[in-house]
Amino acid sequence: MDSSNVPEFTPKHGVPPRLRDYFTGASSFQRQLASVRKQTPFGQTPSRRKIPQCSPLQENIDPQKIAFLLHKQWTLYTLTPMYRFSYTNLKQYSTLLKCFLAAEKQKGLAVEMGEDFNFKVTFSTLSGMKGTHRDPAAFLIQIVSKSQQSSKNAEDKVVWTGWFCCVYGDSLLENVPDDFTCLPLFLANGAESNTALIGTWFQKTFDCRFTRLTISAFNLSWMAAMWTSCNMEHYGTATELLWSVPCSPQSLDISYAINPEDAKALWDGVHQTPEEITQEEVDLFIDCLCSHFHRHFKINLSATRLVCVSTSVASAHTDGKIKILCSKYLIGVLAFLTELAIFQIE
């Protein structure tokens, strides 16, 4: 996606005033954030990660809500801490956000709620969607277009969904002031016009700031290795990597699909540290795949850029789009995305 088409939520005057003190100068929060950027949330150096694949708290997640979150394409954002957000006011927030969206639509703005303009907004918590008890509770927002059909069996339609979470974010949470709620990872599914308006409402209400979270080729290679390392009872899809070849007048993509069991066997051959993954192992895994491709097709992938990774666990694109496919490793995927979101907070 062209970055020029990405909705911008940054206020005209830059960082909101209450947060400015925490993101500029020598505040304790700024120093803590700088420290977090030098480490992963798990106390490891960036070249050596111990990514938890599950959490005991995951057992508390409603299976229906997990199913609803899977197999959808989510757009990733980072979010600065929210000022005076309260979980006890979720019902009130639902009403306020609905009124805001209704007012914006009456102004003629592109609010996609259905032609009948009969909709509702709901806020709800996602119990268990965390790594430790210290992580703030995740919560979900849905915009539902209410059916006007007379039939009692007519179903309402979810037109937009967004959820906020922080999984294993302990390193960032240590020095967050009491008035702030830190949920650095935001995932949205639905019209970008709705996402932009909802982001604007959050910024005005909680003095926070949204930024699109893109994924570098470096981190995509980590995802490829981490997700390949997962033990799957059933592989639902091939392991696929997509490289982009810069050329004129338009780019060329190279898709490389591997049998997932073969990819797992290759990973097991290079993986030497049972409880963690190292940068050396990731590099060797990708290098082996590239060497195999060069041996068969005489194409050197080192001259290209990795832009997409797809496995039975999840798929991710460099433009910040992700699909989570396996509930078993949901927490592990969110933990790594939380780390990336924390690093990108400005």
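All values below come from the heavy atoms of this structure, side chains included, with hydrogens, waters and symmetry mates left out.
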Which residues share a ring-ring contact (aromatic ring centres under 6.0 Å, His included) with Tyr87, sequence neighbours left out: Phe85

Pairwise distance OG1(Thr80) to CZ(Phe206) - rounded to 0.5 angstrom: 12.0 Å

Can you give each donor-acceptor pair under 3.5 Å made by side-chain atoms of residues 308-315, sequence neighbours left out, with the distance rounded to 0.1 Å?
residue : atom : partner : partner atom : Å
Thr311  : OG1  : Val313  : N            : 3.1
Thr311  : OG1  : Ala314  : N            : 3.3
Thr311  : OG1  : Ala314  : O            : 3.1
Ser312  : OG   : Gly236  : N            : 3.0
Ser312  : OG   : Thr237  : N            : 3.2
Ser312  : OG   : Thr237  : O            : 3.2

Nonpolar side-chain network containing Leu242, other nodes, edges under 4.5 Å: Val307

Within 6.0 angstrom of His71 NE2, more than 12 heavy atoms from elsewhere: yes

Salt bridge Glu339-Arg49, side-chain N to carboxylate O under 4.0 Å: yes

Please tabulate, for side-chain N and O atoms in residues 135-143, each donor-acceptor pair with protein atoms closer than 3.5 Å (sequence neighbours left out).
residue : atom : partner : partner atom : Å
Asp135  : OD1  : Gly169  : N            : 3.1
Asp135  : OD2  : Gly131  : N            : 2.8
Asp135  : OD2  : Thr132  : N            : 3.1
Asp135  : OD2  : Tyr168  : N            : 2.8

Residues which pass side chain to side chain contact (heavy atoms under 4.5 Å, CB included) with Leu70, listed by chain and number, not counting sequence neighbours: Ile66, Ile324, Ser327

Neighbour count above 12 (heavy atom, 6.0 Å) for Lys91 NZ: no

Residue pair Thr122 / Ser124, side-chain donor-acceptor N/O under 3.5 Å: no

Those residues that, when tested against Phe297, pass ring-ring contact (aromatic ring centres under 6.0 Å, His included) (two or more places apart): Phe293

Set of side chain to side chain contact (heavy atoms under 4.5 Å, CB included) partners for Ala316, sequence neighbours left out: Ile215, Leu220, Met223, Trp227, Ile322

Set of residues satisfying ring-ring contact (aromatic ring centres under 6.0 Å, His included) with respect to Trp163, sequence neighbours excluded: Trp74

All side chain to side chain contact (heavy atoms under 4.5 Å, CB included) counterparts of Gln92, not counting sequence neighbours: Asn89, Leu96

Asp178: salt bridge (Lys or Arg N to Asp or Glu O under 4.0 Å) partners, not counting sequence neighbours: none

Partners passing side chain to side chain contact (heavy atoms under 4.5 Å, CB included) against His292 (at least two apart in sequence or in another chain): Tyr256, Arg295, His296

Check: Phe202 ring centre within less than 6.0 Å of Tyr93 ring centre: no

Closest heavy-atom pair and its distance - Tyr83, Asp207: CB-CB, 4.1 Å

Counterpart residues, salt bridge (Lys or Arg N to Asp or Glu O under 4.0 Å), relative to Lys65 (two or more places apart): none

